[in-house]
Amino acid sequence: MAVTAAPTRARHVPGAADWAAAVRLAGDLLVDLGVAGPEYGEACVASVRERGPYIVLAPGLALAHARPEEGATGTGVVLVRLGEPVVFGHPANDPVDLVLAFATADAEAHLDVLRALATALGAGLAADLRAAPADGLADLLAGAVTR
């Protein structure tokens with residue numbers, strides 16, 4: 001399953017100071033994409049602070065998100081690939097080098113993006129993102145989650 005016309009953006013960075021900085025980088029990409037306000041990235045960080053590293057879904061992979069009412073203005077998916085992984089505090093899946101993040105303006109789109117990402121990750125998206133050259137990340141992510 002893919003999401004119709006969800007804009008994407010991806011960036012490779014050498015590293016981030018910590019997990020919160022990595023999540024903020026992803027939040028900034030959502031703002032740049034025009035699908036979230038600046039408060040959305042902070043809501044993503046606050047969610048991890050409150051609930052722990054539940055967003056670290058698989059070895060090396062985190063999926064940052066917040067509720068639509070916490071600053072989402074549209075639907076979009078972004079990736080920050082870290083050259084130097086960061087620790088979130090997850091007992092099995094740290095350290096993290098791929099931070100995916102998404103914003104959606106409503107609950108239905110939220111579920112659609114989650115399904116699309118789950119399908120893409122199940123088909124090997126994480127390995128493909130790790131192997132891709134930096135200038136190929138955006139196209140790879142777009143192809144995985146949009147139709």
Side-chain angles (χ1 to χ4, degrees), residues 1 3 6-105 107 109-138 140-146:
M1 166 176 270
V3 179
T8 58
R9 188 156 294 163
R11 184 172 167 208
H12 175 88
V13 297
D18 58 18
W19 69 264
V23 170
R24 284 186 188 103
L25 286 171
D28 291 346
L29 285 179
L30 289 168
V31 172
D32 292 347
L33 202 54
V35 298
E39 68 275 16
Y40 190 80
E42 288 306 318
C44 293
V45 170
S47 183
V48 176
R49 288 195 198 284
E50 292 167 13
R51 296 178 183 93
Y54 76 100
I55 68 168
V56 183
L57 303 179
L61 179 106
L63 180 58
H65 60 284
R67 291 188 304 263
E69 64 272 15
E70 294 181 299
T73 58
T75 299
V77 181
V78 299
L79 166 74
V80 174
R81 184 175 72 180
L82 301 163
E84 184 68 32
V86 295
V87 173
F88 275 73
H90 193 281
N93 294 329
D94 271 341
V96 169
D97 64 331
L98 298 175
V99 180
L100 286 162
F102 70 93
T104 59
H110 192 88
L111 292 175
D112 288 346
V113 169
L114 280 174
R115 280 191 285 267
L117 286 170
T119 299
L121 290 167
L125 177 61
D128 293 344
L129 290 169
R130 287 185 177 103
D135 63 358
L137 290 173
L140 183 59
L141 182 61
V145 299
T146 61

Quiz item: Should Leu63 and Leu117 count as side-chain neighbours, where that means a heavy-atom distance under 4.5 Å?
Solution: yes
Quiz item: For Ala20 and Val45, which heavy atoms make the closest approach, and how far apart are they?
Solution: O-CG2, 3.8 Å
Practice problem: Identify the heavy atoms of Ala72 and Ala103 that sit nearest to each other, and give their distance. | Solution: CB-CB, 4.0 Å
Quiz item: What residue among Leu98, Leu129, Val99 forms side chain to side chain contact (heavy atoms under 4.5 Å, CB included) with Leu61?
Solution: Leu98
Quiz item: Do Asp97 and Arg130 sit within salt-bridge range, that is, some charged N less than 4.0 Å from a carboxylate O?
Solution: yes
Quiz item: Closest approach of Gly34 and Thr73, non-hydrogen atoms and distance?
Solution: O-OG1, 3.4 Å
Self-check item: Partners meeting side-chain hydrogen bond (donor to acceptor under 3.5 Å, both in side chains) with Ser47 (sequence neighbours left out)
Solution: Arg51, Tyr54
Quiz item: ring-ring contact (aromatic ring centres under 6.0 Å, His included): which pairs involve residues 9-46, sequence neighbours left out?
Solution: Trp19-Phe88
Exercise. Calculate, to the nearest 0.5 Å, the distance between atoms OG1 and NE2 belonging to Thr104 and His65 respectively.
Key: 9.0 Å
Quiz prompt | Ala43 versus Ala66, closest heavy-atom pair with distance | solution = CB-CB, 3.8 Å
Practice problem: Check Val35 against Pro7 and note the closest heavy-atom contact, atom names and distance. | Solution: CG1-CG, 4.1 Å
Quiz prompt | N/O donor-acceptor pair under 3.5 Å between Arg11 side chain and Arg81 backbone | solution = no
Quiz item: Under 3.5 Å, is there a donor-acceptor pair between the side chain of Arg24 and the main chain of Glu42?
Solution: no
Quiz item: How about Val78 and Thr8: do any of their side-chain heavy atoms sit closer than 4.5 Å?
Solution: no
Practice problem: Please report the closest heavy-atom contact between Ala107 and Pro68, naming both atoms and the distance. | Solution: N-CG, 4.2 Å
Self-check item: Separation between CG of Asp135 and CG of Leu140, rounded to the nearest 0.5 Å
Solution: 11.5 Å
Quiz item: CG of Asp112 to OG1 of Thr75: how many Å apart, nearest 0.5 Å?
Solution: 8.5 Å
Quiz item: Just how far is it from atom CG of Leu79 to atom CG of Leu25, taken to the nearest 0.5 Å?
Solution: 11.0 Å
Quiz item: Mind checking whether Pro59 and Asn93 have side chains closer than 4.5 Å, heavy atoms only?
Solution: yes
Exercise. Report yes if some heavy atom in the side chain of Leu141 is under 4.5 Å from a heavy atom in the side chain of Leu100; otherwise report no.
Key: yes
Quiz prompt | Close side-chain approach of Val48 and Ile55, heavy atoms under 4.5 Å | solution = yes
